[in-house]
Amino acid sequence: MLRPHVPVNPLPTGLVTPLVQPTAAAEPVAPAPVPVAPARASVQLTPGSALALAAGGGAVVLVVGAVLVSMLLAVAITGASVAVIAVVFRLLVRDMQKGR
């Protein structure tokens, strides 16, 4: 009842390439030489550029530090305000339960 049917293709399709038979042994061909990349010039730091690099790095550290401190302060202020709201709600619920 449920037998798989595999279709059969009696004729080959597509291009058929003939088999190439090797002829007489040829001399081995040497591989092409690999091109060598030119040497890079080393970076030369002058005292002025070293000072500018250090100043730029210090400025980045200060900016990142200020951003992180401001985010920490925002989280701390939010946590403190949520704690105050929780205390006020607790007092209100307690007063409502006492029937005042």
Side-chain angles (χ1 to χ4, degrees):
M1 182 174 154
L2 295 174
R3 292 185 196 161
H5 178 68
V6 179
V8 178
N9 190 1
L11 298 174
T13 59
L15 298 174
V16 179
T17 57
L19 181 62
V20 178
Q21 297 292 333
T23 57
E27 291 184 25
V29 178
V34 177
V36 178
R40 294 184 184 181
S42 60
V43 176
Q44 308 249 340
L45 286 178
T46 61
S49 62
L51 184 63
L53 186 64
V60 168
V61 167
L62 288 176
V63 168
V64 170
V67 168
L68 291 177
V69 167
S70 65
M71 289 172 64
L72 178 65
L73 283 173
V75 169
I77 291 170
T78 304
S81 64
V82 168
V84 168
I85 290 172
V87 169
V88 170
F89 278 163
R90 188 173 139 207
L91 291 173
L92 288 173
V93 168
R94 185 181 299 169
D95 285 344
M96 289 174 65
Q97 286 177 350
K98 287 183 181 178
R100 291 185 181 177

Pairs flagged by side-chain hydrogen bond (donor to acceptor under 3.5 Å, both in side chains) wherever residues 48-73 is involved - sequence neighbours left out: T46-S49
In residues 84-93, what donor-acceptor pairs under 3.5 Å come from side-chain atoms, sequence neighbours left out?
none

ILVMFWY cluster membership beyond I77 - transitive side-chain contacts under 4.5 angstrom: none
